[in-house]
Every structure is written in C-alpha cells, then in structure tokens.
Amino acid sequence: MVTNCIVLIYPINSPSIIKMLTLNTFIEEWNSLSKTIMVQTSGSTGAPKHMMVEKARMVASAKMTCQFLGLKPHDTALLCMNLDYIAAKMMVVRALTCGMKLVDVGVGGHPMASPLIANETIDFAAMVPLQVYNSLQHPQEKEKLMSVHHLLIGGGALDEKLEEELRHFPHAVWSTYGMTETLSHIALRRVNGEYASMWYQPLEGIHVSADEEHCLIIDAPALCPQVLYTNDIVEFADDACHFRVLGRKDNVICSGGIKIQAEEVERILRKQIDQPFFITGQKDEKYGEIVVMVTEEHDMKKLETIFEKTLPKYWRPKKVITVGRLPLTETGKPKRQLRI
C-alpha cells in the first residue's frame, strides 16, 4: 500500500506503551502486501464483531474527508482514540493518504491535556463526545480544544447542552454520521458558525434514501461493495439529500401497543437531568415492554417529578436502575443491548 510521507510523534516514557506498539503494528499491517485489513465494530447494538475491509476503500474514504475539509500535506492531525476501532484507524489512514503529521497522545479522557500538543497547532482531530465534554471542564484544555481547526465528534449523539457549548467555537466543529461498515463517517453536520445545521450532509459520492420504515439506506460504491440497509430512523430535508437521525429502529420500545423512541425520551430528559443516563426497554408480561432508565442519579423523588412534568404518561420510565457508573462501550456509546 503506497502512502505519502508521515511524521509520527509518540509519548516518551508513557505508561501507554501498548498503544504505541499498536500504532506501529497497524502501520506495518497497512504497508503489508495484503489488500485487506481487520476492523472491529463498537458493540453498541450487539456483540462486537470483526470484519475484513479493503485498504483501497479506506483510502477512498480518507480522500473524501480530506477533500471535504480541505486538509492538506503537513497539516497536523491528532490521534487520541482506540486503534481497535475504525475511527482511530481512519485517522491514521487520512494522515497517511494526505501526508499529514500525526500526533499520537494515547487513549484517554483528556486528550487536550497531553504535553505532546502544548506547542502544536492541531488542524484536524476526531473525538467521542465524552472526550469533548471532559476537555470543556478545564480552562486550559478548553482553550486548546477551541484552537483545533477541524474538530470531528462521533461515536455517539451530541446532547443539546454540549452542542450549545460548542456553538460559538471559532473554528469548525462537526458532528459525524457513520459506522464501521461505512469505514467511519459518510456524512457531516456543522455544529457551529454561520453554517450550523441540524441536517447531515453526505460526502461526495454517497447517495442516501429510506425504506418504508423510514430507515436510512446508504449507497456508497467506493466504500461498501453492497448497498447498506441501516436501522437508523431518519427524516429528510426538502432537498431529499440532507438528513437527520431520529433514533434506531431497535431502540423503539413497544409498551402497551405504543411505540416509544428511546432517543426521543432522552432528548427531552437531558434538559432536566444533569447526571448521566440512558433509556432502554425491558420485557414485561403486562405491557410487552416497559421503559427503563439506567442512571447515575440516585434521587428518585427528583426523577419522578421530572417524569411527571416533562413526559407523556406512556413515555415515563416504569423502572429506574441506579448504577455507580453508566455501562458504556469503549467508544462511549450506551450498552443498550444489555436489555436489563
């Protein structure tokens, strides 16, 4: 696999020595004679699985992103995610394809605190929402985050509070839509600035539509050998191209004959609840399924009051499970598939 020159900066005397070796191993695998490479799904909607993907398709994906964002040789890209997953692998491939300098700060919740980037101007970074949230809690990390020229946020939905904090950032902040099967994102949505939007814009060469259940269909011949039928329920803008995601079909809870979208319940409650939580469903003899909240909030009376004031009767959680720490996948997504 022929690639452009790349400069890699590693943590020196860092406890994350395994991460450094993982990056070296990935680059060795990338430069091998094999035309394919193994990637792993995040496990947000089921057990994680491995799949082989063509390197040429990963290069095609990288070129789409670099072209869309106007990235160029010698720009600096930040690697701060787990290389077991496609998002981090694609950051390396983009750097290789575009000839960018890649700074590897290791996997962690506070990537902007790394001394490796203290004197670096970061042109391009990709993070999960939790990393962004953590960075906003510390003035120095927030200042560094605000200096990133193109910040991509993926691996989970942005809640309204976090998006509001990002709205006045001076440089481009993007929410991404994609999955392992599409080799990371296939559409971007601008979060801040003059072009902020609620609608995702597909990259060039990506065609989207919906089936009879309003689930997104992705036709990306450069990335996927077959048309991809997703479980994401979407709504299209008037141009029938830009779209927004309402939730997942497998996150629809059918309780007493009423269909309830878990993500819609979360969207309403996030305005009232500060502690981490997510909504899932549990089988029930009477209702078929009931709405369940899994949360780090322990004040039951407070939650009951919020449910009564903000949610329709049939949307209110019939069961609340409190935990010390919310069960998440390694990419920061709720482990809804546990179906507690």
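Every heavy atom of this structure was used, including side-chain atoms; hydrogens, water molecules and symmetry mates were not.
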### Message
Using side chain to side chain contact (heavy atoms under 4.5 Å, CB included), reason through Met293 and Lys319 one step at a time and then give a plain yes or no.
### Response
CA-CA 6 Å; Met293 171 183 279; Lys319 184 175 182 179; over 6 Å; no

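- Counting only residues at least two apart or in different chains, side-chain hydrogen bond (donor to acceptor under 3.5 Å, both in side chains) contacts with residues 134-146 comprise His110-Glu141.
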### Query
So Lys89 and Asp84, salt bridge (Lys or Arg N to Asp or Glu O under 4.0 Å) or not? Walk me through it.
CA-CA 8 Å; Lys89 283 182 168 68; Asp84 287 340; 5.3 Å; no

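- Side chain to side chain, Ser184 and Arg94 meet the donor-acceptor criterion of an N or O pair below 3.5 Å.
- Atom OG1 in Thr36 sits 11.0 Å away from atom CE in Met51 (nearest 0.5 Å).
- Legend: residues meeting salt bridge (Lys or Arg N to Asp or Glu O under 4.0 Å) with Asp239, ordered by chain and number and at least two apart, are absent.
- Defined by atom type and a distance below 3.5 Å, a donor-acceptor pair is missing between the side-chain atoms of Ser147 and His171.
- The backbone N or O of Met179 lies less than 3.5 Å from a partner atom in the side chain of Thr182, making a donor-acceptor pair.
- Remark: Glu160 engages Arg267, Lys271 in a side-chain contact (heavy atoms from CB on, under 4.5 Å) (not counting sequence neighbours).
- Ionic pairing of Lys101 and Glu120 is present here: one or more N-O contacts between side-chain nitrogen and carboxylate oxygen are shorter than 4.0 angstrom.
- Other members of the cluster containing Ile217 are Val227, Tyr229, with ILVMFWY side chains joined at under 4.5 Å, either directly or via other members.
- Between Ile206 atom CD1 and Gln201 atom CD the span is 12.0 Å, to the nearest 0.5 Å.
- At least one donor-acceptor pair under 3.5 Å links the side chain of Ser61 to the backbone N or O of Leu183.
- Taking Glu165 as the reference, nothing meets the side chain to side chain donor-acceptor pair (under 3.5 Å) condition, with sequence neighbours excluded.
- When the side-chain contact (heavy atoms from CB on, under 4.5 Å) test is applied to His150, the partners found at least two apart in sequence or on another chain are Leu69, Leu71, Phe124, Ala172, Trp174.
- For residues 188-200, every residue pair satisfying the side-chain hydrogen bond (donor to acceptor under 3.5 Å, both in side chains) rule, not counting sequence neighbours, is listed here: Glu163-Arg189, Ser175-Tyr200, Arg190-Asn192.
- Under the 3.5 Å distance criterion, with hydrogens and angles disregarded, a donor-acceptor pair is assigned to the side chains of Asn251 and Glu263.
- One finds the NE2 atom of His242 at 11.5 Å from the CZ atom of Phe236 (value rounded to the nearest 0.5 Å).
- For the salt bridge (Lys or Arg N to Asp or Glu O under 4.0 Å) condition, the pairs that include at least one residue of residues 56-73, sequence neighbours left out, are Glu54-Arg57, Lys72-Asp75.
- Partners of Glu296 according to the salt bridge (Lys or Arg N to Asp or Glu O under 4.0 Å) rule, which considers only residues two or more places apart in sequence or in another chain, do not exist here.
- For residues 212-224, the set of pairs meeting the side-chain hydrogen bond (donor to acceptor under 3.5 Å, both in side chains) definition, not counting sequence neighbours, comprises Glu213-Lys249.
- Under the side chain to side chain donor-acceptor pair (under 3.5 Å) criterion, Lys318 pairs with no residue at all, not counting sequence neighbours.
- Considering only residues two or more places apart in sequence or on other chains, Asp232 meets the salt bridge (Lys or Arg N to Asp or Glu O under 4.0 Å) condition with Arg248.
- Under the 4.0 Å criterion applied to side-chain N and carboxylate O atoms, Arg167 and Glu164 are assigned as salt-bridge partners.
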